[in-house]
Every structure is written in structure tokens, then in C-alpha cells.
Amino acid sequence: MGKRSLTVKKLLAELTEILREAGLPDPKLEIPKSPEHGEASCTSAFELAKKLRKSPMEVAQDLASKAKSLLEKRKGLVKSIEVVEPGFINFRVDWPSYAVRIIEDVLNSAEAYGASDMGKGRRILVEHTSVNPNKALHVGHARNVCLGSALARLYEFAGFDVIVANYIDDSGSQMADIILGIKHLGYSKEPPEGMRFDEYCGDRIYVGVNRLLEQKPELSEKKRLLIKEIEDRSSESFRLSREVALMVLKEQLKTCWRLGASYDIMNRESDVVAFGLWEEVFSRLKQKNACYLATSGPKAGCWMLDLSGHKKLSKEGDEVLVKSDGTTTYVARDIAYAAWKLGIVEKDFKYKLFGKNPDQSDILITDVDGDVDFKVGRVDATIAVVDVRQRRPQEIVRYALGLLGADPSRYVHFAYEVVSLSAKEAERMGLKVSDAEFVHMKGREGIYVKVDSVIDSIKEKVISETAQRHPDWNPKKVEQVAESVAVGALVYALVKGDADKIIIFDREEALKIEGDTGPYLQYSYARACRILEKAQTKQVKVVRRENLEKQEIDLLREVSLFPLVVEESVKLMLLKKLANYAYGLASAFNNFYESCPVLTEDEETMNFRLNLVKAYLITMGNCLRVLGVPIVQEM
RNA sequence: GGGCCCGUGGCGCAGAAUGGACAGCGCACCGGCCUUCUAAGUCGGGGGUCGCGGGUUCGAAUCCCGCCGGGCCCGCCA
């Protein structure tokens, strides 16, 4: 890793200093949206005007003239100051020297360009994916995986020590459905030839069993008994459910890896109780008087979490933790698990090796006979990537942590909206839609679109496109590039939008690879690679260039902003900031590419531009890596 | 009934943390640009009462209140 990048921050620091000296204790600085307003702008004149009973223009002019005289003495990055109606103070830099600073900064920092140390010394646990181990991933799960893994990489890039966890809900109803199918309804444990086990479980057994449950209500009793039986760790059903869960998980991970995710630990829900986490948390809750045994009413015999102190949750009544039959609810186990994540319980999991990520790092899984020495230890915060429908239970967990004496702000629910199917897409699946615009996916009814099928569809299109463009490529190369481009298209589509907005999935739309898409970013990167590839010279010194073209400046500007965007994205937990930035960066490069030839220019210009292209590649590369859009050298 | 989220050109979105400089972009549509580093690109054109109504402010897509439309959550399920 190279040095940390400083250029933009230096500029902002310099301006703050100048303005302070000019008499502004706390100057309001912003980066103008449009380059024509300079590289930085101060809006303090507006708020000051009121106090001073002058017009914003007068105040601005006053400040600007003071700043100007200070400027002349300093010889810093700032070159000129101008006041613009109705009261902006705009600052311009000396671009030829600023450009050198930016490029040198990027080239020296290399893969660390944009990284920060804001998370230095802090450890966080990011939990994502957490798909029930009874089915293959659908596009809604893909949104979780992409957001979660990008978030983890973003935090890592920002200097945090990140642990990635995947919560495996291997007990309860959805697991019982599969066991019911295999043990009592004649479903084989082996999938049909050519079918993945996760798809077999989800598409055939889960859907099939639920159809039967609707038709034959007497089966429900059998299922109820199974759920209890699975909780008995010495039972045959428990053994079978573990086996099935592991087999499904193994297949699910292939999809996750395809999307660029990786994991450190996988925690099994069944182990939350087995390792005594719940027991400990339960007694602590009792100690703190946070829960009570209901003795009358409809919840008689249940242990309830007292929500009366919560402003909003209290309106909906207390929450059941232990059912009258003595078993725990999902929320209860989640509270115990969350307490473990924050390191406020004595009890701990044991782990054994489950497998390896594509980068060969270990994936551990909880196991009572675990033999791997692994401790999460104290984490400063934990982020649970879970869709919005679980806002209430997540808030209950958070509140319960507070009752246990932890700081609830350490528990973060990263909520995102669901992915639904467009009416067209639903019709393609043979569903009657009536006049609805979209249809929510439903696992047990078989209403969903699987991730791999989507990537494969895009890939198929990209393969024919690529083969046409590169008749000289062998099929293997075409296939590899197409895989990256297809994944890039899907990943970008899932992280670029507002997480609070529902995504209406339509296969036709997903196939688009023009405009504001992942391939647009990849393409601009590949074009830049080609320039460097064709250039014979290798390392050239960065030399000042006097008359910069507008497109060069625009590209430099974008490149220079990357570190700020990263920090902003971290602070606000907004991946779309980073994604939108990537688009603007690619766009700036494409404009540069269009009007600023590199290889055909005189040596001086060529060398400058080659370095600029290098700086672009580093910036875009770092950005794409965090987002999870695969990098391709050619396409 | 209570709580949360969304509503910006025909369609899909950005802009909303810290109110500010003409509301940007993509798709679709129309018209240009490949003997020059990959046209998955680029340039130009038409198209918007920022859901509606109030309020705060020198200034509101952005903040506050009310309403309308759409979605989600409120189980001894997970």
C-alpha cells in the first residue's frame, strides 16, 4: 500500500485556513456541482449577511478581498477568487500545478488511493446473505449479497478491521418442510441429474411440500412434530437437517462467490441455543427486569420482553421470547446472537473449518466439536444487512441490547427494500397478474427468479456480442469476459440505486448493457487499458502541462474527488454515492477519450496523458473493486 | 387502528446528510460522428406544475404541517 492521498483535502484545508484568517471562524465550503464555479465554493456570506445587515454580495466581496491579499503571500494551490451573484465566493486552482499534484498523488498511492484511516483501530462485524439453507438464491437475495459485500469492502477500504459473517437459519419451519419432504413424502435426497442441490430443495421440495400442506391440512401436525424433533440434537431429524443445510449452503456459496462475496464465519442458528448463548442472555434479561412471565391473558405461560419503555414498539405490545411450550422464538435467539456479536456475553461459539473462499481465505462454521481457535472478540459495531420487512424485529433486538446494558447504537440494521417482479416478468412465469404493476417474490410458492439464471441470461447475450466484436478470440476467453461483464451488469444494477427503493426486476431490462450500467464502467476501463498497452513507454515522469483541455480538467477533477466520495459513502452508509461517482468518473474518461488523443500526440502531451490515463485506471479500479463490479482489461 | 418507506420528463433514476448558482443522467424517439488509442462510445434535438395544498426562508425537489396515491410491518412463524 502506498501513501494516503491528500490533494483535495489539502486544498480544502488551505481554503479553510485562508478564510479563517480573513475573519471567518467556521467557513462553509463545498465542492460545486459544476466545474464552471471553480474547485471550491464558500457560502458563508449568505448566513453572515443577516447578522451584519449587509447584502450577501457585500459580505462576499469583503471576504474575498481580504482572502485575495492573503492568497498572494501564500503561493498555495489556490490561484484566484471571484464573487458571483447572489453571494458565492468561488475559488480556482492553478490547474497545471494542481494536475501534477493529483496525478502524483494517485500514482504514489496506487491501490490505496481513496483509502482512508477513518476506521483505524476499529473492528466491525458485517453480516449479510443469511439465506435460509433450503433454497437457491433469488434476485432479492442477490441485492443483499451485493450490498453487504460491498459495504464490507467499503469499510475495509476505509481502514476498519472487518469480519464478514453469514447467519445460517438452520432450524424452524422452512427447514422442517424439506425434512418432511424427504422423510415422509418420498422426495429423494439426491437431486435429479444436472440439477444443483439448492435448486432441487427450493424449486422441488420446498415448493412441492408447501403445495401439499395446503391440500392436506393433516400434514401440518406432522410438520409441527418435526419442528420440535429437529430441536432435539440427538434425533435423526436433527442430523438430517444439518446434512441438508450444509449441502444447500455449499451450493449457495457458489452463487455468492460469483457475485464477488466472501465470508469469514458462518454462525448456525441452532448453535445459538446449543452453546448456551440464549440461556445466559435470558438470565441477564431476568436480572435486569427486562422480561417477565405472563400469567394471564392470551400470552399466559410465555416469557415476554418488556417493550413498555420504547416510544413506538410499546404501541404494539410486548414480544414473546419463550413460548408456553418452553421453546424460544426467533427474536429471542436473535437477541442472544446479537449480544454475542457485541461481545457482551461470556459464552462463545466454537468453530471448525468449513471451506475456502476463492481467494483461499478460510471460512469457519460454528460447531460444538469445533477445533479451530477463532475469537471475534470485541467489535465496535455490528451491521446486519436485512431487508426492510424486518425493521420491527431488528428494532426489538436493538432495544433489547440496550436493556442488557449495551450501547444500542453499536447495533446497526442496514435495511434495504425488496426486489419484486415486474408484471411482464410474472406473466412470463405463467402467473396471472390482473392489473398490478409488480408481484412480490414468494419462495414457497415458487414465485421468484434465481440469481444464476439471471447472470446466465445476461452472459448469453454478452457472449454473442463479444464473439462478434472479437472474432479472433477463442471461446474460453469470450466466456470468461462475458462472465465478468454479466456479473458487472447485475451487481451494478443492484447497488447503484437507493436502498430504500424497491427494485422491480424484469429480465429484459436486466439484459441492457448500454448507458448507465456496469458494462459502461468496465468498457471505459478496458479502453484505458488498451491505450497503455499500445504505448511503448513505461514509467514516465509526471511533467507539468500548460494548456489543459477542458476534458482533461474534468477527468482530473473527478479523479481527485474519489477520497472524499469514499469518506462520504462510509459516513452515510450509502453505496449509491460510490456507484454514482463511478458513473461520473467513467463518463469523464469517455469524454476525454473522445476528444484527447494520447498516442498520436507529441511526446510531451502523450506522456502527460499517459499518466492521466494511469491515474484514471487506478481510481476506477479501486472504485470497481469496492463496488464488486469485476474488472476486465478488454471486452 | 398504529408504525415505517416511496412518489422528480413516456419509462427507469440522481440530486435530499450540511436549503443556494440554470433540476441532472440513462432508456426510448429524431439527427450527426468509426482510413485516427475498442462506436458496449460520443455530440446535438424535442420532452419536467420535482404527487397535491399550506408554512418557514433573501432563497425549498431538499426543512415543517396536512392531504392524496403506492408498498411494507404489527403471529406462542422464521
Side-chain angles (χ1 to χ4, degrees), chain A residues 28 30 32-34 36-37 41 43 46 49-50 55-56 84-88 90 132 169 171-176 227 269 294 298-304 311-313 315-317 319-325 327 329-331 333-334 387-393 395 415 417-418 420 436-438 440 462 465-466 469-470 485 489 496-498 500-504 506 509 512-517 519-520 522-524 526-535 568 571-574 576-577 579-580 583-584 586-587 590-591 593-601 606 609 613 634-635:
Chain A
K28 259 180 87 178
E30 56 184 48
K33 284 167 201 151
S34 161
E36 56 196 74
H37 298 123
S41 182
T43 54
F46 296 106
K50 222 175 298 173
S55 75
V84 178
E85 287 277 3
F88 293 97
N90 295 339
N132 290 339
D169 189 355
S171 53
S173 169
Q174 79 288 339
M175 213 52 228
I227 294 177
E269 201 207 16
K299 307 280 166 82
C302 299
W303 280 89
M304 310 292 291
K311 200 176 156 209
K312 283 171 181 171
L313 293 174
K315 295 181 184 177
E316 289 168 8
E319 185 76 8
V320 176
L321 294 176
V322 182
K323 302 179 225 171
S324 54
D325 68 359
T327 58
T329 60
Y330 178 82
V331 172
R333 279 166 274 158
D334 221 18
D387 79 54
V388 287
R389 292 171 300 185
Q390 301 221 35
R391 268 204 165 113
R392 182 186 139 83
E395 179 56 21
E417 260 291 358
V418 296
S420 292
E437 275 179 59
F438 58 89
H440 289 300
V462 176
E465 186 78 29
T466 309
R469 283 160 195 268
H470 305 282
V485 172
K496 77 164 174 169
D498 194 325
D500 285 329
K501 282 182 183 168
I502 190 164
I503 290 179
I504 298 177
D506 187 280
E509 291 297 314
K512 291 195 172 147
I513 52 174
E514 281 165 19
D516 186 8
T517 65
Y520 178 90
Q522 294 170 312
Y523 185 62
S524 75
R527 284 173 128 187
C529 285
R530 183 46 78 88
I531 296 175
L532 292 191
E533 186 192 311
K534 291 203 171 172
E568 226 181 15
K571 276 187 208 143
L572 304 172
M573 285 227 249
L574 285 179
K576 65 172 177 175
K577 283 259 181 222
N580 294 159
Y583 180 75
S587 179
N590 280 334
N591 286 319
Y593 184 92
E594 201 72 19
S595 48
C596 302
V598 179
L599 304 175
T600 53
E601 296 296 286
M606 180 176 80
R609 288 184 177 165
V613 171
E634 29 182 356
M635 63 184 272

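No experiment lies behind these values; they were computed from the predicted model shown.
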**Report entry** Spatial distance of atom OG1 (A:T466) from atom CE (A:M635) [nearest 0.5 Å]
**Finding:** 7.0 Å
Query - B:A14 pairs with, by Watson-Crick or G-U criteria that keep both distances under 3.5 Å - result: none
Query raised in the report: Rounded to whole angstroms, how far apart are NZ on A:K501 and P on B:C5?
Result: 14 Å
Requested in this report: Please work out if A:C529 contacts a base, only the sugar-phosphate, or nothing of the nucleic acid, heavy-atom cut-off 4.0 Å.
Outcome: nothing
Report task. Report yes if a side-chain nitrogen or oxygen of A:K28 is closer than 4.0 Å to either non-bridging phosphate oxygen (OP1 or OP2) of B:G20; otherwise report no. Result -> no
**Report entry** Watson-Crick/G-U partner (both atom distances under 3.5 Å) of B:U56
**Finding:** none
Requested in this report: Give A:M635 one of three labels, base, sugar-phosphate or nothing, depending on what nucleic acid heavy atoms sit under 4.0 Å from its own.
Outcome: base
Query raised in the report: Any idea which of B:U38, B:C73, B:C76 is nearest the A:R392 side chain?
Result: B:C73
Query raised in the report: A:K512 or A:E437: which one's nearest nucleotide on RNA chain B is closer to the 5' end?
Result: A:E437
Query raised in the report: Taking only N and O in the side chain of A:K312, is any of them less than 4.0 Å away from OP1 or OP2 of B:C4?
Result: yes
Query raised in the report: A:Y523 side chain N/O closer than 4.0 Å to the phosphate oxygens (OP1, OP2) of B:A40?
Result: yes
Query raised in the report: Would one find more than 12 heavy atoms of other residues, nucleotides or ligands at under 6.0 Å from atom CD of A:E437?
Result: no
**Report entry** Gap between atoms NZ and C1', on A:K576 and B:G12 respectively (whole Å)
**Finding:** 14 Å
Query raised in the report: Just to confirm, is there a sub-4.0 Å distance from OP1 or OP2 of B:C72 to any side-chain nitrogen or oxygen of A:H440?
Result: yes
Query raised in the report: Base, sugar-phosphate alone, or nothing: which one does A:T329 contact when heavy atoms must sit under 4.0 Å apart?
Result: sugar-phosphate
Requested in this report: Give a yes/no answer on whether the side chain of A:K315 brings an N or O atom under 4.0 Å of OP1 or OP2 in B:G3.
Outcome: yes
Report summary line: To the nearest angstrom, the CD-P distance between A:Q390 and B:A78 comes to 12 Å
Requested in this report: Might you point out which heavy atoms bring A:Y520 and A:A586 nearest each other, and give the distance in Å?
Outcome: CE2-CB, 3.6 Å
Query raised in the report: To the nearest Å, how far apart are A:R391 CZ and B:C74 C1'?
Result: 14 Å
Query raised in the report: What is the nucleic acid contact for A:P32, judged by heavy atoms within less than 4.0 Å: base, sugar-phosphate only, or nothing?
Result: base
Query raised in the report: Donor-acceptor pair under 3.5 Å: do we get one between A:T517's side chain and the base of B:A40?
Result: no
Query - Interatomic distance, A:Y593 OH vs B:U42 P [rounded to whole Å] - result: 12 Å
Query raised in the report: With a 4.0 Å cut-off on heavy atoms, is A:K577 in touch with a base, just the backbone sugar-phosphate, or nothing at all?
Result: sugar-phosphate
Query raised in the report: Can a side chain N or O of A:R333 be found less than 4.0 Å away from OP1 or OP2 on B:A78?
Result: yes
Requested in this report: Would you indicate what A:E594 reaches in the nucleic acid, counting non-hydrogen atoms under 4.0 angstrom: base, sugar-phosphate, or nothing?
Outcome: base
**Report entry** Distance below 4.0 Å between A:R527 side-chain N/O and B:A39 OP1 or OP2
**Finding:** yes
Query raised in the report: Within the structure shown, what part of the strands sits under 4.0 Å from A:S55 by heavy-atom distance: base, sugar-phosphate, or nothing?
Result: nothing
Query raised in the report: Are OP1 or OP2 of B:A78 and a side-chain N or O of A:K323 less than 4.0 angstrom apart?
Result: yes
**Report entry** Residue closer to the 5' end of RNA chain B, A:V418 versus A:A586 (nearest nucleotide)
**Finding:** A:A586
Query - Rounded interatomic separation in angstrom, taking CD from A:E36 and C1' from B:G20 - result: 15 Å
Query - Sugar-phosphate, base or nothing in reach of A:E316, heavy atoms under 4.0 Å - result: base
Query raised in the report: Has A:R530 got a side-chain N or O lying under 4.0 Å from the OP1 or OP2 atom of B:U38?
Result: yes
Query raised in the report: Would one find a side-chain N or O of A:N580 under 4.0 angstrom from OP1 or OP2 of B:A14?
Result: no
Requested in this report: Please report, rounded to the nearest Å, how far the P atom of B:C6 is from the CG atom of A:D500.
Outcome: 5 Å
Query raised in the report: With sugar-phosphate meaning primed atoms plus P, OP1 and OP2, does A:A436 contact a base, only sugar-phosphate, or nothing at under 4.0 Å between heavy atoms?
Result: nothing
Requested in this report: Verify the stacking flag for A:F88 against B:G20: centroid separation must be under 5.5 angstrom and the ring planes must differ by under 30 degrees.
Outcome: no
Report task. Give one of base, sugar-phosphate or nothing for A:A526, where a contact means two heavy atoms less than 4.0 Å apart. Result -> base
Query raised in the report: Considering Watson-Crick and G-U wobble pairs with both distances under 3.5 Å, what does B:G9 pair with?
Result: none
Query - pair A:T43-A:F88: side-chain heavy atoms closer than 4.5 Å - result: yes
Query - Syn or anti conformation of B:C43, syn meaning chi within 90° of 0 - result: anti
Requested in this report: Write down the distance between CD (A:E568) and C1' (B:A17), rounded to a whole number of angstrom.
Outcome: 8 Å
Query raised in the report: Under 4.0 Å: is that the gap between some side-chain N or O of A:N591 and OP1 or OP2 of B:C43?
Result: yes
Query raised in the report: Which is true for A:E269 with a 4.0 Å heavy-atom rule: it touches a base, it touches only sugar-phosphate, or it touches nothing?
Result: sugar-phosphate
